[in-house]
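Residue numbers count from 1 along this sequence. Note that the structure is a prediction, hence the values are computed from the model and not measured.
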Amino acid sequence: MIVTNPIDSIFATFALGTELSKGKFVYEGGPATIYLYSSHSGINFYYLKAEEVVTSVKPIEAVKSEIKVYPNPATDKVFVNVTHPVRVAVYNLSGMMVKSKLLESQNDYIDVNDLPAGMYIIRSQLSNEFSRKLIIR
């Protein structure tokens with residue numbers, strides 16, 4: 001049997017033979033001492049201390065700024081409203097990079113007038129900062 005303190009709080013049982021049966025038991029109670037013992041002999045085989053874990057660490061919530069790619073659809077220039085220098089790449093749908101440029105401000109642009117009309121992916125090249133669909137007309 002698997003019980004918590006007090007001993008009469010049984011939350012799982014298993015079969016004993018020549019070996020212990022294999023099993024998985026989940027305890028979802030509060031702090032307790034968990035005993036693995038034989039109800040026939042009253043002998044404890046093993047016991048565990050289950051204690052509540054308290055942390056003072058608060059989860060970090062990433063604040064993602066919304067990166068805008070415009071105009072979209074585009075014909076000649078594409079702007080990306082970056083707040084810091086970012087290397088940006090344009091990929092065709094087969095995954096081949098067709099353009100790359102370091103954008104240092106919101107006034108920088110990528111010249112796309114030499115790209116055939118179609119759908120592309122524009123994304124930050126050296127990080128996972130952003131990835132957007134881009135349509136060229």
If you take all heavy atoms of D111 and D114, which pair is closest and at what distance?
O-OD1, 3.8 Å
When rounded to the nearest 0.5 angstrom, what distance separates CD in E104 from CZ in R87?
9.5 Å
Backbone N or O of G118 within a donor-acceptor pair of the R137 side chain at under 3.5 Å?
no
Any link between V98 and I110 through a network of hydrophobic side chains (Ile, Leu, Val, Met, Phe, Trp, Tyr) touching at under 4.5 Å?
yes
Pairs satisfying ring pair (Phe, Tyr, Trp, His ring centres under 6.0 Å), at least one member in residues 110-137, at least two apart
none
All side chain to side chain donor-acceptor pair (under 3.5 Å) counterparts of Q106, not counting sequence neighbours
none
Begin from the C-alpha positions of D76 and V112 and carry the test side chain to side chain contact (heavy atoms under 4.5 Å, CB included) through to its verdict.
CA-CA 5 Å; D76 58 348; V112 294; 5.6 Å; no
With S94, which residues qualify under side chain to side chain donor-acceptor pair (under 3.5 Å), at least two apart?
N92
Under a side-chain separation threshold of 4.5 Å, the hydrophobic residues clustered together with Y109 are Y70, F79
May I have the step-by-step check of side chain to side chain contact (heavy atoms under 4.5 Å, CB included) for I122 and R132, ending in yes or no?
CA-CA 5 Å; I122 184 169; R132 300 286 184 278; 4.0 Å; yes
Does K68 offer a backbone N or O that forms a donor-acceptor pair with the side chain of N81 under 3.5 Å?
yes
For T75, the side chain to side chain donor-acceptor pair (under 3.5 Å) test, sequence neighbours excluded, returns none
With L93 via side-chain contact (heavy atoms from CB on, under 4.5 Å) - residues at least two apart
M119, I121
Where do N72 and K133 come nearest, in terms of heavy atoms and distance?
ND2-O, 2.8 Å
Tell me the closest heavy-atom pair linking V78 and L134, and the distance in Å.
CG2-CD1, 3.9 Å
Among K99, M96, M97, exactly one meets side-chain contact (heavy atoms from CB on, under 4.5 Å) together with Y91. Which residue is that?
M97
Between the main-chain N or O of N107 and the side-chain N or O of S105, is there a donor-acceptor pair closer than 3.5 Å?
yes
Would you check if the side chain of S131 reaches a backbone N or O of R123 as a donor-acceptor pair within less than 3.5 Å?
no
Might you point out which heavy atoms bring I136 and L115 nearest each other, and give the distance in Å?
CG2-O, 3.9 Å
Rounded to the nearest 0.5 Å, how far apart are CG of L103 and NE2 of H84?
11.0 Å
